[in-house]
Amino acid sequence: MKELLTFAQLIAAVVKRLATSGVYRPWPAEEVAHQTRAEAEQLVCEVMDWCRLTLLQHLTQEVPAQRAAVVEQAVERRLKGEPLAYILGHTHFYGRVFQARPGCLIPRPDTETLVEATLSFARSDACRRGVAEPLRVVEIGPGSGCIAVTLALECPQASVTAVDIANEAVALTRENAKRLGAKVEVICADGLQWLCDQADAGQSFDIVVSNPPYIPKRELHQLDRDVRDFEPHIALDGGLDGLDFYRAFAELPTGVFGAQERCGGFFFEVGSGQAQDVAELFRANPSWGGFAVSTRCDLRGIERVVEVVRTGRR
Ligand code: GLN
């Protein structure tokens with residue numbers, strides 16, 4: 001009979017297998033050590049339905065054979081490059097747990113910068129001026145719903161709508177909103193077309209936020225394997241130069257933002273090195289003459305967000 005392992009031994013064995021696999025190849029060695037240990041602990045905690053503290057209290061105890069087999073299946077998936085968030089079924093974003101699954105982009109820490117930028121505008125005097133309650137916020141392409149749900153929870157005075165073309169994203173956004181108690185209206189449609197239709201019908205917004213697909217098509221194959229082979233390309237492919245969606249946003253009618261007295265602003269996540277090109281798309285378009293364009297860096301110092309905000313001055 002196979003000898004039972006303790007949790008400490010199981011974790012050490014998983015760490016070793018993960019670290020010697022190709023999964024973390026581009027990473028610096030010390031980060032691999034840290035990341036593999038963190039992932040091994042998370043996989044075991046998920047299977048045992050434990051928090052980390054409980055795991056640490058059980059390190060010297062034996063792992064029930066049946067649970068060890070479930071951990072083994074999860075490790076096999078990770079060794080094939082599948083992202084941890086898909087295996088666990090969840091990830092963290094802006095201090096909350098979001099469900100994650102194939103078919104929808106996994107929330108990334110970079111995107112917290114987009115949430116910060118949008119929230120600081122939503123809470124600013126400039127935004128509150130002239131806006132009768134509620135603030136109308138729409139997200140185009142929510143994927144997992146992490147942005148729309150966070151905005152709805154952090155900004156309860158806002159009415160938040162999320163529009164996605166993919167059924168998987170619509171379903172997951174609804175699920176995350178429900179689990180976290182956020183009020184988000186979720187619509188299945190082509191978001192850009194939907195915004196035009198809304199503007200035609202006289203329905204406008206104060207804030208339009210989006211983390212659109214922005215990877216240049218020719219760079220898709222160079223993405224890390226876990227992204228390239230497991231995450232949906234519909235959420236990544238931004239066309240030849242990666243800027244197709246920003247171009248389409250810049251072509252939207254200004255009626256998207258309603259009356260002049262109200263605030264109005266686009267908030268976009270952009271890829272590394274794209275911020276100035278995206279800013280220029282709006283600066284060069286006379287339709288946005290009454291809007292100020294600026295950028296904001298993420299925690300790594302990369303220009304990650306482009307903001308296009310109504311100033312009232314033309
Ligand atoms: N940040 C994602 C990545 O680099 C891309 C997300 C997007 O295209 N919006 O994998």
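On a predicted model such as this, the values are computed, not experimentally measured, just so you know. When a ligand or atom number is given, it counts from 1 through the structure's own listing order.
- If you check which protein heavy atom lies closest to atom 3 (C) of ligand 1, you get Arg108 NE, 3.6 Å.
- Distances from atom 9 (N) of ligand 1 to the heavy atoms of Pro213, Pro212, Gly141 show the closest one on Pro212.
- Ring orientation note: the planes of Phe257 and Phe291 are tilted relative to one another, at an angle of 30° to 60°.
- A distance-only check finds a donor-acceptor pair linking the side chain of Arg218 to the backbone of Leu240 [under 3.5 Å].
- Interface atoms of ligand 1 facing Asn211, defined by a heavy-atom separation under 4.0 Å, are 7 (C), 9 (N).
- Side-chain contact between Asp241 and Arg247 is present, with heavy atoms from C-beta onward closer than 4.5 Å.
- Taking atom 1 (N) of ligand 1 as the reference point, the nearest protein heavy-atom neighbour is Tyr214 OH, 3.0 Å.
- Within the 4.0 Å heavy-atom shell around ligand 1 one does not find Gly242.
- Protein heavy atom in closest approach to atom 4 (O) of ligand 1: Ile215 CD1, 3.9 Å.
- A donor-acceptor contact closer than 3.5 angstrom links the side chains of Glu269 and Tyr214.
- Salt bridge annotation for Arg304-Glu116: absent, with no cationic side-chain nitrogen under 4.0 angstrom from a carboxylate oxygen.
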